[in-house]
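What follows is a structure written as structure tokens; I'll ask about it next.
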Amino acid sequence: MPIHLVSPLTPTVPAQGQPGADSRNADAYGRALAEEPATLRFAGLRLVHAAMRRDLARLPNALRLLQPGEDHKGEALLRHWNFMTAMLTCHHEQQDSRLWPIVRRFAPELRLLLNWLEDDHHNLDHSFTRVTTLVRIASRDAGSAWPVAYAMEDLAARLETHLRIEERQLLPRMERVIADNSRLGGLGELLDLLRLADGPGLPDALAWLLEGVEPARVDRLLAECDDDVARNWPHWHATYQRCTSSLWGPVDGPAEGVGFGGLGPIAD
């Protein structure tokens with residue numbers, strides 16, 4: 001029987017609001033201001049993509065630097081890898097059980113692409129499971145770290161293809177299908193699902209998702225969350241930084257190319 005991190009829910013039709021002018025984006029005379037929208041569309045999806053790219057770029061090098069006798073660091077790398085793969089599984093289940101049914105209904109021309117993405121989710125999950133076995137070995141045997149690091153990099157390239165297809169071919173269509181005020185694919189919805197999931201804890205997940213994101217964007221993203229999340233965020237963030245600094249050092253600011261807007265070179 002398959003194990004679901006996210007409880008399968010019946011898909012619902014997104015609210016079909018009428019887009020209009022937002023007074024927050026206008027001055028006293030009604031002129032539009034050059035500001036970003038108050039809500040970052042599909043922030044939950046985009047943040048997972050960015051976090052996966054960030055970690056798959058730095059985990060192989062952290063593994064290569066593992067020295068004999070550094071069992072504590074090997075265990076920490078394995079825990080982080082297991083956490084990351086659990087987040088990816090949760091992300092795939094969010095898409096397959098909640099988002100794709102909505103897109104299939106309102107954009108039936110995309111059903112073949114969605115079928116392929118769903119199948120590829122299963123293939124990726126199996127690939128990550130195989131690499132997890134290798135990471136477990138490398139975390140206890142530094143001599144095997146280099147081959148496992150190469151396996152990580154091959155898997156990162158494989159995942160990159162999948163992410164670019166979603167970002168180039170699917171997200172632009174979703175922006176036309178799903179209403180601006182819908183929570184589907186947003187950070188708030190993802191956190192709600194994590195509360196129901198038998199997987200990563202919400203504090204760790206949020207700190208992982210927002211690592212390296214500019215403070216101004218963090219404030220806007222936290223505005224989508226409930227008051228309890230916003231109130232506890234400083235503590236969660238500080239704890240996460242303290243626990244992960246031994247893996248790749250403290251994070252002082254946004255990582256180049258892998259922040260919220262760093263979805264890879266998808267604009268070319």
Side-chain angles (χ1 to χ4, degrees), residues 1-9 42-60 62-63 73-100 117-140 148-149 151-156 158-160 162-163 166 185-213 225 229 232 236-237 239-244 246-248 258:
M1 179 179 294
I3 298 175
H4 295 282
L5 296 178
V6 177
S7 302
L9 300 175
F42 312 125
L45 301 184
R46 298 178 189 273
L47 285 167
V48 172
H49 287 195
M52 291 299 300
R53 285 183 169 117
R54 178 196 67 223
D55 279 6
L56 286 173
R58 64 188 181 180
L59 272 168
L63 197 60
K73 185 174 181 181
E75 292 172 359
L77 286 170
L78 177 61
R79 283 196 303 270
H80 195 85
W81 174 267
N82 288 336
F83 169 83
M84 183 187 70
T85 56
M87 284 297 301
L88 182 65
T89 299
C90 187
H91 172 66
H92 287 167
E93 291 181 358
Q94 178 194 19
Q95 292 178 315
D96 295 343
S97 64
R98 294 181 64 87
L99 291 173
W100 293 175
L117 289 171
E118 202 166 304
D119 288 340
D120 203 42
H121 286 167
H122 295 296
N123 294 333
L124 284 167
D125 289 342
H126 287 307
S127 297
F128 271 87
T129 298
R130 288 194 296 270
V131 175
T132 295
T133 302
L134 299 177
V135 175
R136 185 176 298 113
I137 296 172
S139 68
R140 302 169 183 170
V148 177
M152 279 186 183
E153 290 169 342
D154 288 342
L155 184 56
R158 166 84 175 77
L159 179 65
E160 179 64 25
H162 183 96
L163 299 183
E166 287 187 359
L187 178 60
E189 183 204 38
L190 177 58
L191 297 183
D192 288 345
L193 293 173
L194 286 170
R195 287 189 177 97
L196 303 174
D198 181 18
L202 188 149
D204 291 335
L206 185 63
W208 178 75
L209 290 167
L210 297 183
E211 180 184 343
V213 177
C225 307
V229 169
N232 286 289
W236 294 348
H237 177 56
T239 302
Y240 177 84
Q241 283 194 319
R242 185 171 65 253
C243 292
T244 59
S246 62
L247 297 179
W248 27 71
V258 294

List the steps and the verdict of side-chain contact (heavy atoms from CB on, under 4.5 Å) for Thr85 and Thr129. CA-CA 8 Å; Thr85 56; Thr129 298; over 6 Å; no
From CA spacing to verdict: side chain to side chain donor-acceptor pair (under 3.5 Å), Thr133, Arg130: CA-CA 5 Å; Thr133 302; Arg130 288 194 296 270; over 6 Å; no
Under 4.5 Å between any side-chain heavy atoms of His91 and His121, yes or no? no
Shortest non-hydrogen contact from Ala151 to Val131? O-CG2, 4.5 Å
What are the two closest non-hydrogen atoms of Pro200 and Phe83, and how far apart are they? CB-CE1, 3.6 Å
Do Met52 and Leu88 have side chains that approach each other closer than 4.5 Å (heavy atoms only, starting at C-beta)? yes
Given Thr89 and Glu93, is the side-chain contact (heavy atoms from CB on, under 4.5 Å) satisfied, shown in steps? CA-CA 6 Å; Thr89 299; Glu93 291 181 358; 3.8 Å; yes
In Å and rounded to the nearest 0.5 Å, what is the CH2 to CG distance from Trp81 to Leu56? 5.5 Å
Provide the closest heavy-atom pair for Trp208 versus Val48 in the form atom of the first, atom of the second, distance.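 Heavy atoms of Trp208 and Val48 come nearest at CH2-O, 4.4 Å.
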Sequence neighbours excluded, the answer for side-chain contact (heavy atoms from CB on, under 4.5 Å) partners of Glu75 is Arg79
Test side-chain contact (heavy atoms from CB on, under 4.5 Å) on Leu77 and Ser139; report intermediate values, then the result. CA-CA 7 Å; Leu77 286 170; Ser139 68; 5.8 Å; no
Separation between CG of Leu78 and CZ of Arg136, rounded to the nearest 0.5 Å: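 Answer for the CG-CZ pair, Leu78 versus Arg136, is 6.0 Å.
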Shortest non-hydrogen pair, Leu191 vs Leu202, comes out as O-CD1, 3.6 Å
With heavy-atom distances below 4.5 Å as the criterion, would you say the side chains of Arg158 and Asp120 are in contact?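 They are in contact (side-chain heavy atoms under 4.5 Å apart), so the answer is yes.
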Atom CG in Asn123, atom NE2 in His126: separation rounded to 0.5 Å? 7.0 Å
Could you walk me through whether Leu194 and Met87 pass the side-chain contact (heavy atoms from CB on, under 4.5 Å) test, one step at a time? CA-CA 9 Å; Leu194 286 170; Met87 284 297 301; 4.2 Å; yes
Roughly how far apart are Glu211 CD and Trp248 CH2, rounded to 0.5 Å? 7.5 Å
Are Glu118 and His122 close enough, and set up right, to give a side chain to side chain donor-acceptor pair (under 3.5 Å), and what steps lead you there? CA-CA 7 Å; Glu118 202 166 304; His122 295 296; 5.2 Å; no
Out of curiosity, Asp154 CG to Leu159 CG, how far, rounded to the nearest 0.5 Å? 12.5 Å
Smallest heavy-atom separation, Val148 atom then Ala138 atom, equals CG2-CB, 3.8 Å
If every non-hydrogen atom of Leu99 is compared with every non-hydrogen atom of Gly185, which pair is closest and at what distance? CD2-N, 3.8 Å
Please round to the nearest 0.5 Å and tell me the distance separating atom CG of Leu124 and atom CG of Asp119. 11.0 Å
Can you spot which of Met152, Glu153, Arg54 makes a side chain to side chain contact (heavy atoms under 4.5 Å, CB included) with Leu59? Met152
Are any non-hydrogen side-chain atoms of Leu190 and Leu45 less than 4.5 angstrom apart? no
